[in-house]
Amino acid sequence: MTTPESQPVPSTATSQPLRILITGSAGFVGSHLVERFLNEGHTVIGVDNYISGQVSNTDLFRDHPRFTFIEADVSHGIPYTGDKLDWVMHFASPASPPHYQQFPVETLMVGAQGTQNGLELAHAHGAGFFLASTSEVYGDPHVHPQPETYWGNVNPIGVRSCYDEAKRYAEAITMAYHRSRGVNTRIIRIFNTYGPRMRPDDGRVITNFVHQALRGEPLTVYGDGSQTRSFQYIDSLIEGITRLMFVEYHYPVNLGNESEITMLDLANCVSSLLNIGVEIKNFDLPIDDPTQRKPSLAISEKILGKIEQTSLDDGLKRIVCMIEHEISESVESS
Ligand code: NAD
Ligand code: UDP
């Protein structure tokens with residue numbers, strides 16, 4: 001299972017053309033997966049109901065000859081009747097705290113019923129099933145950094161429970177279909193990831209800080225800003241996903257960046273990048289907001305090899321350029 005350093009790491013880049021169905025294709029991560037698979041010659045079926053995604057993310061691929069889009073709520077079923085699938089990738093779920101707290105029932109349903117519908121579809125096609133889980137399954141962790149063997153510290157009835165428990169159930173039913181029905185499954189636990197195509201009103205910290213800084217507004221730091229996160233740029237996540245598809249490993253795998261930062265330091269980074277004085281407006285820390293988060297990457301590196309990480313500085317520069325470009329385009333068109 002280890003990948004010899006000298007060998008190229010197998011990934012979708014070198015495989016035969018595949019037929020891949022992606023739920024959540026109009027979202028941030030889903031749209032990057034669509035792009036990667038189309039660029040590599042695969043056929044992609046995207047499914048989304050736009051609860052937290054963007055039509056513009058579907059429009060990017062709408063005219064592509066190997067892309068089909070189905071607008072549907074996957075919690076109610078996945079209405080795919082086409083040719084045999086090789087993979088079902090289940091990425092549908094609101095992921096930003098303001099979004100999933102606005103739609104708690106829908107979030108639970110897509111983690112529960114949506115996951116089962118994806119597993120049934122994969123089973124019927126003899127396809128692989130790939131679950132996007134999250135570092136939130138560790139809750140507010142007492143073990144730091146978090147290895148996959150840590151069972152977590154989750155409030156089962158708190159405001160974040162609709163997301164955390166949905167993903168914990170999703171992992172459980174994925175393991176059950178693997179063990180009892182032989183489905184070829186994968187589970188990743190994604191740590192905070194950022195990049196282009198997040199909604200401007202996504203509400204997650206990097207998009208908030210960059211938009212606020214560009215508007216000349218104070219940055220909204222929740223609590224005293226001492227809580228930590230470890231941010232990964234989208235390209236590294238996509239690389240990890242495409243490698244894991246080719247490794248027969250059915251237990252959860254952390255995908256993230258080990259470089260950890262406090263939210264106060266993040267606010268300072270964004271301000272100095274934009275050459276503005278740091279102006280901060282403090283808000284209460286949201287309930288059950290994890291105080292620390294950082295992945296242990298031992299398993300990921302053992303089975304996938306080392307995945308190159310974009311530095312936070314470089315990633316932030318790219319995001320700033322992208323958001324500046326979006327703002328100037330919207331000013332020109334208005
Ligand atoms: P996102 O909100 O941008 O994308 C999720 C997509 O799923 C949206 O397009 C939304 O409309 C769609 N969706 C939600 N419920 C649906 C349903 N019932 N039927 C059809 N479509 C539905 O979020 P994202 O950041 O791209 O996250 C994608 C996946 O990765 C999610 O499963 C999330 O839990 C996981 N994840 C992301 C991060 C991160 O930092 N971005 C971290 C951990 C886990
Ligand atoms: N946060 C913040 N200001 C914001 C948005 C978020 O200080 O405008 C904090 C939030 O309280 C959390 C961290 O940034 O501690 C990461 O939040 P995010 O919503 O991006 O992701 P989470 O890891 O909480 O799901």
Side-chain angles (χ1 to χ4, degrees), residues 22-33 46-55 57-58 70-78 89-101 103 105-115 117-118 130-137 140 160 163-164 166-167 170 188-195 197-199 202-212 218-234 237 241 254-256 261-264 266-267 270 280-293:
I22 304 175
T23 74
S25 62
F28 159 52
V29 177
S31 69
H32 284 274
L33 269 183
V47 189
D48 208 293
N49 67 349
Y50 296 119
I51 193 169
S52 59
Q54 303 185 92
V55 175
N57 288 343
T58 303
I70 303 171
E71 186 167 344
D73 181 339
V74 300
S75 301
H76 296 146
I78 305 179
M89 319 276 296
H90 185 40
F91 281 68
S93 172
S96 129
H99 288 162
Y100 63 67
Q101 288 171 31
F103 299 109
V105 175
E106 290 80 357
T107 302
L108 278 157
M109 290 301 289
V110 75
Q113 206 51 54
T115 303
N117 290 337
F130 199 113
L131 174 69
S133 184
T134 169
S135 54
E136 278 279 329
V137 300
D140 189 5
R160 295 174 88 101
Y163 185 62
D164 303 7
K167 292 291 187 179
I188 51 166
R189 292 183 179 154
I190 305 173
F191 283 67
N192 296 63
T193 305
Y194 68 104
R197 302 195 203 131
M198 296 173 90
R199 276 169 51 157
D202 180 90
R204 283 177 275 194
V205 67
I206 289 190
T207 31
N208 272 9
F209 282 0
V210 172
H211 277 279
Q212 288 159 354
L219 309 194
T220 54
V221 171
Y222 302 161
D224 63 4
S226 64
Q227 70 273 29
T228 68
R229 293 294 185 272
S230 308
F231 294 100
Q232 136 179 266
Y233 196 72
I234 183 69
L237 173 63
I241 292 169
N254 288 340
L255 288 180
I261 186 170
T262 67
M263 294 310 98
L264 204 51
L266 179 68
V270 171
I280 284 168
K281 194 168 172 186
N282 283 99
F283 286 83
D284 288 345
L285 189 67
I287 296 166
D288 294 335
D289 198 289
T291 50
Q292 53 182 356
R293 186 182 286 158

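Any value given below was found using the heavy atoms of this structure, including those in side chains, with hydrogens, waters and symmetry copies removed. Remember, it's 1-based here, ligands and their atoms both numbered in the order they're listed. Starting from 1, each residue takes its place in the sequence as its number.
Contacts between F209 and ligand 2 below 4.0 angstrom, taking non-hydrogen atoms only, involve the side chain exclusively. Of the heavy atoms in H99, none comes closer than 4.0 Å to ligand 2. Counting heavy atoms closer than 4.0 Å to ligand 1, residue R204 contributes side-chain atoms (C-beta onward) but none from N, CA, C or O. When heavy-atom distances to ligand 2 are checked against a 4.0 Å cut-off, M263 comes that close only through its side chain, counted from C-beta outward.
Looking from atom 13 (N) of ligand 1 to the surrounding protein, the closest heavy atom is N49 OD1, 3.5 Å. Given atom 19 (N) of ligand 1, the protein heavy atom at minimum distance is V74 N, 3.0 Å. Scanning all protein heavy atoms for the shortest distance to atom 1 (N) of ligand 2 gives Y222 CD1, 3.4 Å. Counting only heavy atoms of the protein, atom 18 (N) of ligand 1 lies nearest to D73 OD1, 2.8 Å. Among all protein heavy atoms, the one lying closest to atom 3 (N) of ligand 2 is T220 O, 2.6 Å. The single protein non-hydrogen atom nearest to atom 31 (C) of ligand 1 is F91 O, 3.2 Å, given as residue, atom name and distance. Distance from atom 3 (O) of ligand 1 to its nearest protein heavy atom, with residue and atom name: F28 N, 2.9 Å. For atom 26 (O) of ligand 1, the closest non-hydrogen atom of the protein is V29 N, 2.8 Å. In terms of protein heavy atoms, atom 33 (C) of ligand 1 is closest to Y163 OH, 3.5 Å. Ranking the protein heavy atoms by distance from atom 20 (O) of ligand 2 puts V205 N, 2.8 Å first. Considering only non-hydrogen protein atoms, atom 23 (O) of ligand 1 sits nearest to A95 CB, 3.5 Å.
With 3.5 Å as the limit, one finds a donor-acceptor pair spanning the side chains of Q212 and T220. With hydrogens and angles left out, the side-chain atoms of S52 and Y100 include no donor and acceptor closer than 3.5 Å. Checked by atom type, the side-chain pair D48/S25 shows no donor-acceptor distance below 3.5 Å. Under 3.5 Å, the side chains of T228 and Q292 contain no donor-acceptor pair of N or O atoms.
Nearest-residue assignment for atom 14 (C) of ligand 1 (options T115, I51, T134, N192; heavy-atom criterion): I51. With distances taken over non-hydrogen atoms, the option nearest atom 7 (O) of ligand 1 out of S93, G27, G53 is S93. Among I206, T107, I190, I234, the residue whose heavy atom sits closest to atom 37 (C) of ligand 1 is I190.
Within the structure, ligand 2 has P97 among the residues with a heavy atom less than 4.0 angstrom away. The closest approach between any non-hydrogen atom of H211 and ligand 2 is not below 4.0 Å.
An N or O contact shorter than 3.5 Å is missing between S135 and ligand 1 by distance. The shortest N/O to N/O separation between G30 and ligand 1 does not fall below 3.5 Å. Taking any N or O of T193, backbone or side chain, at least one lies under 3.5 Å from an N or O belonging to ligand 1. Of the polar atoms of D48, at least one N or O is found under 3.5 Å from an N or O of ligand 1, judged by distance alone. Distances between N or O atoms of N192 and those of ligand 2 include at least one value under 3.5 Å. For D289, a nitrogen or oxygen atom sits less than 3.5 Å from a nitrogen or oxygen atom of ligand 2, counting backbone and side chain alike. In terms of N/O distances under 3.5 Å, ligand 1 is approached by S52. Considering backbone and side-chain atoms alike, R229 places an N or O below 3.5 Å from some N or O of ligand 2.
Using a 4.0 Å cut-off between a side-chain N of Lys or Arg and a carboxylate O of Asp or Glu, D202 and R197 do not qualify as a salt bridge.
Ring orientation note: the planes of Y194 and Y233 are nearly perpendicular, at an angle over 60° on the 30°/60° scale. The aromatic rings of F91 and F130 lie parallel to each other, with less than 30° between the two planes, well short of the 60° mark.
Those atoms of ligand 2 with a heavy atom of R160 less than 4.0 angstrom away are 22 (P), 24 (O), 25 (O).
Side-chain atoms of Q101 and P94, non-hydrogen and from C-beta on, never get closer than 4.5 Å to each other.
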